[in-house]
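Structure first, commentary second.
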Protein chains: 2
Amino acid sequence: MKADPFNRNCGSRQVIDRIGDRWSVLIVLALAHGEQRYGELAQRIDGVSQKMLTQTLRGLERDGIVTRTVHASVPPRVDYALTDLGRSLLDLVAGMEAWATTHLGEVEAARARYDAR
Amino acid sequence: MKADPFNRNCGSRQVIDRIGDRWSVLIVLALAHGEQRYGELAQRIDGVSQKMLTQTLRGLERDGIVTRTVHASVPPRVDYALTDLGRSLLDLVAGMEAWATTHLGEVEAARARYDAR
């Protein structure tokens, strides 16, 4: 059976949630140029809570999009990197970032018009 | 100031939420070939609740992505269509759908491996 997100039982709907989530998008973009430590991600993704960052990284790891490597140093160092599957997302999330930043002004203007009606 | 979703105060984060949301993606795709009535959308997007469909359409209208036209018939007919801004999203949401359906099997296999650890 072909996957189809218009079908309520198709798991591709959940995959859209995963890849379209703001934190997923920012994490994948932050890993575009190579692995990052947890603390580097926390710093790069301004304002993300520890809970959301940890939860999103765990979801991305579970879905096969990032790898998590614990180094046996003191204190232990935890690195995250994109898998091949994760790298296949890069163009798409870059497209989302580009659309959001390019059209932000238009979206905000539309909201102001709507709210003024 | 350039929009940057890595900045916690930048509105582009909200725009990513809007365009990455599963219901937004499915609505924009459903409108790709022209306007649709509310009831047609409800039928096409299998399993969406009336509440979520109404709420998402209102958000998309507010953000300037869809138009809502009420025809003075009995009963009144309500049509939705993409704006130019909405049409500029089509490639991106088609890319999200394509990634989700193409890679669903890999994601599900990764989840099964993760859950079996």
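Residue numbering restarts at 1 for every chain, and letters A, B, ... go by the order of the sequence lines.
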Contact leader toward chain A among B:K2, B:E61, B:E106, B:Q14, where contacts are heavy-atom pairs under 4.5 Å: B:E61
Top of B:I16, B:V15, B:D63 for chain A proximity - count of heavy-atom pairs under 4.5 angstrom: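 Going by pairs under 4.5 Å, I would pick B:D63.
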[X] portion near chain A, given a 4.5 angstrom heavy-atom threshold:
| X | result |
| --- | --- |
| B:S88 | both |
| B:R18 | neither |
| B:D91 | neither |

Looking at chain B, which one of [options] has the largest number of heavy-atom pairs inside 4.5 Å, strictly under?
| options | value |
| --- | --- |
| A:D115, A:T102, A:V93, A:L85 | A:L85 |
| A:I45, A:L104, A:L26 | A:L26 |
| A:G64, A:A98, A:S12, A:A112 | A:S12 |

Write down the atom of [X], the atom of [Y], and the distance for their closest heavy-atom approach.
| X | Y | answer |
| --- | --- | --- |
| A:L41 | A:L31 | CD2-CD2, 4.0 Å |
| A:D46 | B:F6 | CB-O, 2.9 Å |
| A:E35 | A:A81 | CB-CB, 3.8 Å |

Using heavy-atom distances under 4.5 Å, tell me whether [X] contacts chain B through its side chain, its backbone, both, or neither.
| X | result |
| --- | --- |
| A:A30 | both |
| A:R113 | neither |
| A:V107 | both |
| A:I65 | side chain |

Polar side-chain atom of A:R111 near backbone of B:R62 as donor-acceptor pair, under 3.5 Å: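 No; judged by distance alone, with no hydrogens or angles, the pair does not exist.
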Atom pair OG1 (B:T83) and CG (B:L89), whose distance is rounded to the nearest 0.5 Å: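 The OG1 atom of B:T83 sits 8.5 Å away from the CG atom of B:L89.
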Pairwise side-chain contact, B:L57 with B:R68, heavy-atom cut-off 4.5 Å (strictly under):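 With C-beta onward as the side chain, the pair stays apart.
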Shared hydrophobic cluster, A:M52 / A:I27 (ILVMFWY, side-chain heavy atoms < 4.5 Å):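 Looking at the clustering, A:I27 is in the same group as A:M52.
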ILVMFWY network linking A:L90 to A:W23, side-chain heavy atoms under 4.5 angstrom: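 A:L90 clusters together with A:W23.
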